[in-house]
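Remarks on the structure that follows.
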Amino acid sequence: MWAISTMNILFSNHSLTNYRKSLSKSLAFVPTMGALHQGHLSLVEEAKKSCENVIVSIFVNPLQFNNPDDLNKYPRMIQKDLELLKHAGVNAVFLPSYETIYPPNQEFNIQLSNNSIESVFEGHFRPGHFNGVIQVLHRFFSLISPHEVYFGQKDLQQCMVVKILIDEYFKEIKFNIVETKRENSGLAMSSRNMRLTNDEINVANQIYQSLLLLKNEENYSQLACELEIKRLSILGLKTEYLNYVNLPNMEITSIKNGNQAIVYAGFLGNIRLIDNLLL
Ligand code: PAF
C-alpha cells in the first residue's frame, strides 16, 4: 500500500481488505477505467456528500471490450488520475492488476436471471460487453463491500444492468445515478473524447443537438429519429442506434409515458460515442 499524503493507494486484495477493516464509517465506491474527467469527479463529489469515505477503482477491464483496438487505444494516464483524485479528496484508490481481479484458479461466470436487457442496444452492438461489466462489478462489490455505489447516467443501459445486479446479488448496497456532465457545447464528457480532433469535436457536438431536438418532438416517432440519423450521417457520424426507449427495460417506444429516454450510439471514424437524454 502507498499513501499520497492522505490518499491510500491499494494494489492487492490484502491491502484492500486491511483498508476496509480499518474503516468504521460509511464507504462509497466509484468504479472507473481511469482517464478521468469532470464526469468522474462529479461522481466523487456526490459520493462525498453521503459517505465519510470514498474509494475509487481504476481498472481497464479487458472482459468488457468486444473490440481489441478500443481496448488497446483506451487512454491510460494513471499519474494524472491520481493527482485529480487526491485533489478531489478521495480516501483510497484501488489499482488492481488483471490477476488480482481474475485469479487464474477461479471461474468468473456470474449471470443475471433478469437478463433480457443485456442483449439489446449496447449489448447487441458490443456482444459480451455487459457480461464483462457484470463480472468485474460483482468482483469489486464483493471485495470492497461498499455501502453505496455511484454510476454516471451517460452509460444509461449500464446503470439499468447494475441496478439488476444489485437487486439480485447485493441488496444491501445503495445504488446512485449521477447526471451526465457536459462540455459547454453539450457534448457528453467521455474518456474517448480525448481521441477526437477539434474538427471531430464539432461534429460530435451535434449528437446532443439531435437528442435535444428529439426530446422536444410532439410525438416520439421513429421517423424523427431516422431524419436525425440522416443529418448526422451527412456530417460523418455512423449511427448504430437512435431511439426512444422505455426504462428500465430499454424497449423501443413511440408512446409518451414518463419514465423514458432517447439513446444514441455511433462512430466518428473509429471512435465510438454514446449519449442519452431522460424524457
Ligand atoms: O463505466 C465504466 O467505466 C466501466 O464499465 C466500469 C463500471 C468501471 C466497469 O469496468
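Whatever order the structure lists them in is the order used to number ligands and atoms, beginning at 1.
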Just by distance, no angles: are the side chains of [X] and [Y] close enough, under 3.5 Å, to form a donor-acceptor pair?
X: Arg20; Y: Ser145; answer: no
X: Ser113; Y: Glu168; answer: yes
X: Ser210; Y: Tyr264; answer: no

Measure the distances from the heavy atoms of Phe151 to every atom of ligand 1 and state whether one is below 4.0 angstrom.
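Yes, that is the case, since the closest heavy atom of the residue is under 4.0 Å from the ligand.
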Parallel under 30°, tilted from 30 to 60°, perpendicular over 60°: which one fits the rings of Phe125 and Tyr241?
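The rings of Phe125 and Tyr241 sit tilted, inter-plane angle from 30° to 60°.
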Taking distance alone, with no angle check, do Asn61 and ligand 1 share an N/O pair under 3.5 Å?
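Asn61 vs ligand 1: no N/O contact under 3.5 Å.
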Atoms of ligand 1 close to [X] [distance to a heavy atom under 4.0 angstrom, numbered from 1]:
X: Gln64; result: 4 (C), 5 (O), 9 (C), 10 (O)
X: Thr32; result: 8 (C)
X: Val136; result: 9 (C), 10 (O)
X: Pro31; result: 8 (C)

Flag, side chain of Lys21 to backbone of Thr17, donor-acceptor distance under 3.5 Å
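No, because the side chain of Lys21 does not come within donor-acceptor range (under 3.5 Å) of the backbone of Thr17.
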Option with minimal heavy-atom separation from atom 3 (O) of ligand 1, where the choices are Gln135, Lys154, Met33:
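Result: the heavy atom closest to atom 3 (O) of ligand 1 is in Met33.
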Tell me, which protein residue and heavy-atom name are nearest atom 5 (O) of ligand 1, and how many Å apart are they?
Gln158 OE1, 2.6 Å
Measuring centre to centre across the rings, with the benzene-like ring taken for any Trp, is Phe29 within less than 6.0 Å of His147?
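No - the distance between ring centres of Phe29 and His147 does not fall below the 6.0 Å cut-off.
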